[in-house]
Amino acid sequence: MPARARRTLFPEVVIERDSDTEKSSDDEEEVEDDVVESDDQEEDEVEVDARKVKEAEVSSPANKKGKAHITISLKKVCKVCKRTGHQAGFQGPTYIDCPMKPCFLCKLPGHTTVDCPHRAAMEFGVIPASRKRTNNSLDYVFERQVRHRVPSIKPEFVIPDEVNCAVIRYHSRRVTCLEFHPTNNNILLSGDKKGQLGVWDFGKVHEKTVYSNIHTCLLNNMKFSPANDGTVYAASSDGTMSSTDLETGLSTPLLDLNPNGWQGPNTWTMLYGMDLNAEKSLVLVADSSGFLHMVDTRSNSKKGNPVLIHKKGTKVVGLHINPFQPDLLLSCGNDHFVRIWDIRRLEPESCLHSLPHKRVVNSAYFSPLTGSKIVTTSIDNRIRVWDSIFGNLDTPSREIVHSHDFNRHLTPFRAEWDPKDPSESLVVVGRYISENYNGLALHPIDFIDISTGQLIAEVMDPNITTISPVNKLHPRDDVLASGSSRSLFIWRPKEKSDEVAQEKDERKIVVCDNRKNKKFGDGSDDDDDDDDDFKSKKGKKSGKSKGKKPILVTTPSSSKKKKF
DNA sequence: AGATCATGCGCCC
DNA sequence: TGGGCGCCCTGATC
C-alpha cells in the first residue's frame with residue numbers, strides 16, 4: 001500500500017535526550033516570562049549551546065518583578081514543551097513532533113505521531129468489537145425486514161478526486177456547512193461562521209449568490225424542506241432557526257431563543273443540530289444547553305415544550321432523523337454521548353440507547369439508505385461504527401483511528417456517508433494532520449471503508465494547502481464538495497472532469513473576493529482571474545515544487561478503487 | 001517573514 | 001460546580 005511507502009518519506013529523527021529535562025519546570029516557566037520582556041542590550045551575550053542555556057535558566061535567580069538578568073535566545077527551545085534539546089514544528093513539509101508529547105494521532109503513549117502505526121496504514125487503527133450474538137427480537141426484526149435491503153456485494157467506489165471548479169474566498173469567514181440541492185444537480189449551498197448563506201451554481205461556475213442578512217453568526221446546520229425544494233431551514237448560533245426562500249432570499253425566523261437580545265453570555269442560547277421529519281412536518285433543532293425544540297412547518301409554530309436530551313448546559317451539536325424509520329432520532333453532543341430517541345415519546349431520560357464516547361462527539365449519522373448503521377466522529381480522533389442499530393449497541397462494532405482533532409479555529413470534522421453507496425460503507429472525512437506529498441504539506445480528504453477501516457482514497461490537490469474539515473458527497477452524481485477555510489471546491493472523478501472540461505469552455509476557478517483588496521489579481525474583474533489566483537498565496541509549508549503544476553490528485557493505488 | 005488575532009474545550013483548582 | 005487558564009500540524013492579515 002502506498003501509504004506504507006509514504007512512510008519512507010519521513011526522515012529518521014533522532015533526538016538527543018537532555019539529561020536535565022526532568023528538573024524543575026516551574027522555574028523554567030518563570031524565567032521564560034522574564035525573558036520575553038527582557039532588554040535587548042545583552043542579546044549578544046548568551047550563546048547557543050542548549051545545555052548552557054538550560055543551566056543558566058535553572059540557576060539564574062530571576063527577580064520576580066524587575067528585569068531579568070539574562071537574555072536568552074528562544075531559538076533552541078521547543079515551542080511545544082518549552083524544553084531544550086529538540087524542536088517541534090515544520091521542517092519543510094514534514095512536521096517534527098515534540099517527543100515529550102503523546103502521539104498526536106492515536107493519543108497512545110510509547111511513540112510519536114511519526115511512528116504511529118495508524119499513520120502508515122489506517123486499517124491498523126480498527127478496533128473490532130467482539131462478535132456478540134444476541135438473538136433477541138430486534139435481531140430477528142433486522143434479519144427479516146432490513147437485511148434484504150442491504151446489498152451483500154460491494155459495488156465499485158467511484159472517487160471524485162480532481163478539482164473541477166472552485167470558488168476562492170467566496171465566504172468572508174470559514175465555511176461551516178454544505179448542502180446539495182435535492183433536485184437541481186448543480187446547486188451547492190454553503191453556510192459560514194458569519195451566518196451567511198451561499199448559493200452556488202457550480203455548473204455555471206460564475207453564478208453565485210450570498211445572502212448575508214439571514215443570520216448574524218455561525219450557520220451550524222441547514223436542510224432543504226422536503227415539501228418545497230426552494231426552501232431551506234437553517235439553525236444558527238444567533239439562536240434562531242429560519243426558513244429561507246432561495247429565489248427571493250426572503251427569510252422568516254421560525255424560532256428565536258434570544259428574543260430579548262444580548263443579556264450576557266450566560267443567557268445567550270445557540271442553535272446547533274437540526275433535522276426534519278417530513279412525515280410529521282417537523283423541524284427539530286437542538287440548542288447549546290441540552291434542549292431539543294420542535295417546530296411545526298405547517299403552522300410555523302412551536303410544538304410542545306423543549307425537552308432536555310443531553311446533559312443540561314451542554315451543546316447538542318448534531319441531530320439526525322432515521323431515513324428509514326423517521327420516528328427514530330439520533331443526537332450527539334458535548335456531553336460525550338450519542339443518543340437514540342423515539343420522537344413519539346420524547347422525555348428526558350427516555351432515550352432508547354446511549355452510546356458513550358471518550359470525548360465530545362462532532363457528528364452522528366444513521367446510514368443513508370436503511371438507517372441501520374451509525375457512524376460517529378469524536379474529537380478523540382476516532383470514527384466509531386455501529387453495524388446495526390438492531391444489534392448490541394453497548395460497544396461500537398469498530399473504532400477507526402483517524403486524525404480529525406479539535407481546533408478552535410476549524411469547523412469540527414464530520415465523517416459523512418456516501419448517499420449513493422448501496423452497501424453503506426463509504427464515508428468521507430477531512431484529515432487534520434498533514435503528510436509530505438512530493439515536498440508539499442497537504443491535508444487530504446479521506447475516503448474510508450467503514451466496514452473494514454481501510455483507507456480507500458486520499459484526495460488532495462497541491463493548490464489546496466489548507467485543511468478541509470467540511471465535506472459532502474453528492475446524492476446522485478460522483479461529486480464531492482468540500483469547504484476549506486473560506487473556499488469551496490467541487491471534485492469529480494478524473495476522467496469525467498476531463499470530458500466536462502472539454503465540453504465546456506468555462507473557467508474552472510473563480511476568485512470571489514469579498515473585501516476591497518487589490519492584492520489578488522490586478523484589481524480587475526474577479527471573474528477574469530484564473531488559476532494563478534488559485535495557486536497564489538499558498539506554499540507556506542511547501543518546500544520546492546513552487547511554480548510547476550504537479551499531478552493534482554493521488555489515490556493510494558488505482559487497483560484500490562476497484563473490485564470489492 | 002514574523003507578529004497578531006480570532007476564541008472552544010478540557011482540565012485543574 | 002464553576003471560573004480561569006492553556007493549547008501540537010490554523011489561516012488571514014498586516
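The chains referred to below are lettered A, B, ... by the order of the sequence lines, with proteins before strands, and numbering in each begins at 1. Note that the structure is a prediction, hence the values are computed from the model and not measured.
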> Using the C1' atom in both, what is the distance from B:dC11 to C:dC9, to the nearest Å?
Replying inline: 22 Å

> So which nucleotide from C:dC9, B:dC9, B:dG10 ends up closest to the side chain of A:N334?
Replying inline: B:dC9

>> Taking pairing as Watson-Crick or G-U wobble with both contacts under 3.5 Å, can you name the mate of C:dA12, or confirm there isn't one?
In response: B:dT4

> Could you give the NZ-to-P distance, from A:K311 to B:dG10, as a whole number of Å?
Replying inline: 11 Å

> Counting side-chain heavy atoms from CB outward, which of B:dC9, C:dC9, C:dA12 is closest to A:T466?
Replying inline: C:dA12

> Looking only at heavy atoms, what is the nearest atom pair of A:L105 and A:S403, with distance?
Replying inline: CD2-N, 3.6 Å

>> Quick check: on DNA chain C, is the nucleotide nearest A:P102 upstream (toward 5') of the one nearest A:S468, or the reverse? Name the residue that is more 5'.
In response: A:P102

>> Looking at A:E179 and A:K223, is any side-chain nitrogen of the basic one under 4.0 Å from a carboxylate oxygen of the acidic one?
In response: no

> Could you give the CZ-to-C1' distance, from A:R408 to C:dT10, as a whole number of Å?
Replying inline: 10 Å

> For A:S242, does its backbone N or O pair with a side-chain atom of A:T240 as donor and acceptor, under 3.5 Å?
Replying inline: no

>> Within the 4.0 Å heavy-atom criterion, would you say A:K315 contacts the bases, only the backbone, or no part of the nucleic acid?
In response: sugar-phosphate

> A:D405 near the nucleic acid: base, sugar-phosphate alone, or nothing, with a heavy-atom cut-off under 4.0 Å?
Replying inline: nothing

> According to a strict under-4.0 Å criterion, is A:K193 in side-chain N/O contact with OP1 or OP2 of B:dT7?
Replying inline: yes

>> By the 4.0 Å heavy-atom rule, please label A:K312 as base, sugar-phosphate, or nothing.
In response: nothing

> Under 4.0 Å: is that the gap between some side-chain N or O of A:N407 and OP1 or OP2 of B:dG8?
Replying inline: no

> Could you state the CD-C1' distance from A:Q91 to C:dC8, rounded to the nearest angstrom?
Replying inline: 15 Å

> Could you give the NE2-to-P distance, from A:H357 to B:dC9, as a whole number of Å?
Replying inline: 16 Å

> Heavy atoms under 4.0 Å, any strand shown: does A:P469 hit a base, just sugar-phosphate, or nothing?
Replying inline: nothing

> So what does A:R359 hit on the nucleic acid, given a heavy-atom distance under 4.0 Å: a base, only sugar-phosphate, or nothing?
Replying inline: sugar-phosphate

> Taking only N and O in the side chain of A:R486, is any of them less than 4.0 Å away from OP1 or OP2 of C:dT13?
Replying inline: yes

> For the pair made of OH in A:Y170 and P in C:dG11, what is the distance, rounded to whole Å?
Replying inline: 21 Å

>> Between P on C:dC8 and CG on A:L410, what's the gap in Å once rounded to a whole number?
In response: 15 Å

> Touch check for A:I467, heavy atoms < 4.0 angstrom, all strands: base, sugar-phosphate only, or nothing?
Replying inline: sugar-phosphate

> Considering only B:dC9, B:dG10, C:dT13, which nucleotide approaches the side chain of A:R169 most closely?
Replying inline: C:dT13

>> With a 4.0 Å cutoff (strictly under), does any side-chain N or O of A:S485 reach OP1 or OP2 of C:dA12?
In response: yes

> Which part of the nucleic acid, if any, lies within reach of A:Y432 when heavy atoms closer than 4.0 Å are counted: base, sugar-phosphate only, or nothing?
Replying inline: sugar-phosphate

>> Here's a test for you: under side-chain hydrogen bond (donor to acceptor under 3.5 Å, both in side chains), which of A:R173, A:R174, A:H171 qualifies with A:D192?
In response: A:H171

>> Go nucleotide by nucleotide along DNA chain B from the 5' end; which of A:V360 and A:H409 gets its closest nucleotide reached first?
In response: A:H409

> How many angstroms lie between SG in A:C78 and CE in A:M100, if you round to the nearest 0.5 Å?
Replying inline: 8.0 Å

> Backbone N or O of A:D405 within a donor-acceptor pair of the A:N381 side chain at under 3.5 Å?
Replying inline: yes

> Could you state the CZ-C1' distance from A:R174 to B:dC5, rounded to the nearest angstrom?
Replying inline: 14 Å

> How long is the line joining CG of A:D335 and P of B:dC9, in whole Å?
Replying inline: 12 Å

